[in-house]
Amino acid sequence: MTRLNWGMIGGGEGSQIGPAHRLGAGLDGEFAFVAGALDHRPEAGRDYGRRLGLVPDRAYGDWREMLEGERGRADRVDLVTVATPNSTHFEITREFLKAGFHVLCEKPMTMTVGEGEEIVALARETGRICAVNYGYSGYSLVRHMKAMVARGDLGRIRLVLAEFAHGHHADAADADNPRVRWRYDPAQAGVSAQFADCGIHALHMASFVTGQEVERLSADTVSCIESRVLEDDAMVNFRMSGGTVGRLWTSSVAIGRQHGLTLQVFGEKGGLRWAQEQPNQLFWMPLGQRLQVIERGEAGLSPEADRTTRVTIGHAEGMPLAFANIYKDLAEAIRARKEGRDMDPSADLYPRAEDGLRSMAAVFAVAESGQADGQWIDARPPMFR
Ligand code: NAI
């Protein structure tokens, strides 16, 4: 099996998310890291790329140079990851899709709903893959939750409760630190801060696991630290396409919370609870029975869970391995296209541009509802209404 060629934009030295992508893409030997424009400073990007093993003419100074350099090569990259700051995602993703590359874009995919619709339309028109890195959907037990819901173990899903609450921006004395301040400044962050940054992961997870879309929502958004214009805490009620009632809490002032992504699903026949900080256990409470702990890697799980676990039961698997599962899905999707065959359905689970667009519509709906005292707002993108 020859490896697929992979390139990366952003994710330079010291970046938060770059290493998790490099670990994830490299883990199964599916992708070879061959090209990159890793930093907003051209020389730093070239230098770091070379230190990571890129040949000098593929350690690019910026993404336009990379686009020009790669488009003419016979061994051009099969997949490009965009891991730059949010406001650059749209333009970079659009240009690489137009040039015929498959793209994995970091979240949020775009800054506006209109841009999101453009990316969805472009991906459909070009027939290229445009995935969005809702990487937490790659966890093996999240895949298993989805499979349990789909095969009816819980019956009809009544309620879903999603949280992504941390306490890392809770220090009022540090709120003016430029590294924190920009996130709550509409000129730099857009219409939403905490919901757009973290809430959309929880919302995507609710949709991913239930297999339902968010249709309308009502939001209570607040800035607990008063100098902030954008919200640092939000409580969002929503309704889903299959009739499920949704509740979501996201916060950046929840002192004592670290990552805080948690999902609970309650159906007619049982309830599930999974937390990102203990991702190797899934709590399953069948109606009228005892609480059961499902362990990642145990026998008898769904094919979706079996396919996405690598390390023996009892040994922790974490976030870069969840990202690796998104890359594993994408490798299968790219290979299936190259070989002209259908892809393995248990791998066809990577988050799409459509998910990125739905998140963006939800971000704008939360902002609008928050300003209108919690008024219920249609959360669907116009093109999906
Ligand atoms: P960061 O600020 O730590 O790193 C950004 C990197 O991109 C830096 O190396 C910078 O030099 C480089 N860069 C900036 N502009 C560039 C350009 N025009 N061309 C090439 N490189 C450029 O940011 P962080 O935290 O790594 O976030 C990056 C993206 O990843 C954001 O969109 C963020 O929302 C997303 N993210 C996603 C997570 C997830 O769980 N899916 C978790 C954390 C971040």
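Here the structure is a predicted model, which means the values were calculated and not measured. Both ligands and their constituent atoms are indexed starting at 1 by order of listing.
Residue Asn86 has at least one heavy-atom neighbour below 4.0 Å for each of these atoms of ligand 1: 31 (C), 32 (O), 33 (C), 34 (O). Here is the list of ligand 1 atoms found below 4.0 Å of a heavy atom in Gly10: 7 (O), 12 (C), 20 (C), 21 (N). Listed by atom number, the atoms of ligand 1 under 4.0 Å from Asn133 heavy atoms are 41 (N). Under a 4.0 Å criterion applied to the non-hydrogen atoms of Leu38, ligand 1 contributes the atoms 9 (O), 12 (C), 21 (N). Near His201, meaning under 4.0 Å from any of its heavy atoms, are these atoms of ligand 1: 39 (C), 40 (O), 41 (N). For ligand 1, the atoms lying closer than 4.0 Å to a non-hydrogen atom of Gly12 are 9 (O). Set against the non-hydrogen atoms of Ala37, the atoms of ligand 1 under 4.0 Å away are 20 (C), 21 (N).
Protein non-hydrogen atoms do reach within 4.0 Å of atom 4 (O) of ligand 1.
Contacts with ligand 1 closer than 4.0 Å are made by backbone heavy atoms (N, CA, C, O) of Ala83 only, the side chain lying farther away. For His89, every heavy-atom contact with ligand 1 shorter than 4.0 Å involves the side chain, none the backbone. Proximity of Ser15 to ligand 1, defined as any heavy-atom pair under 4.0 Å, is shared by backbone and side chain alike.
The protein heavy atom nearest to atom 10 (C) of ligand 1 is His40 ND1, 3.6 Å.
Ion pairing of Lys107 with Asp355 is absent here, as no side-chain N (NZ or NE/NH1/NH2) approaches a carboxylate O to less than 4.0 Å.
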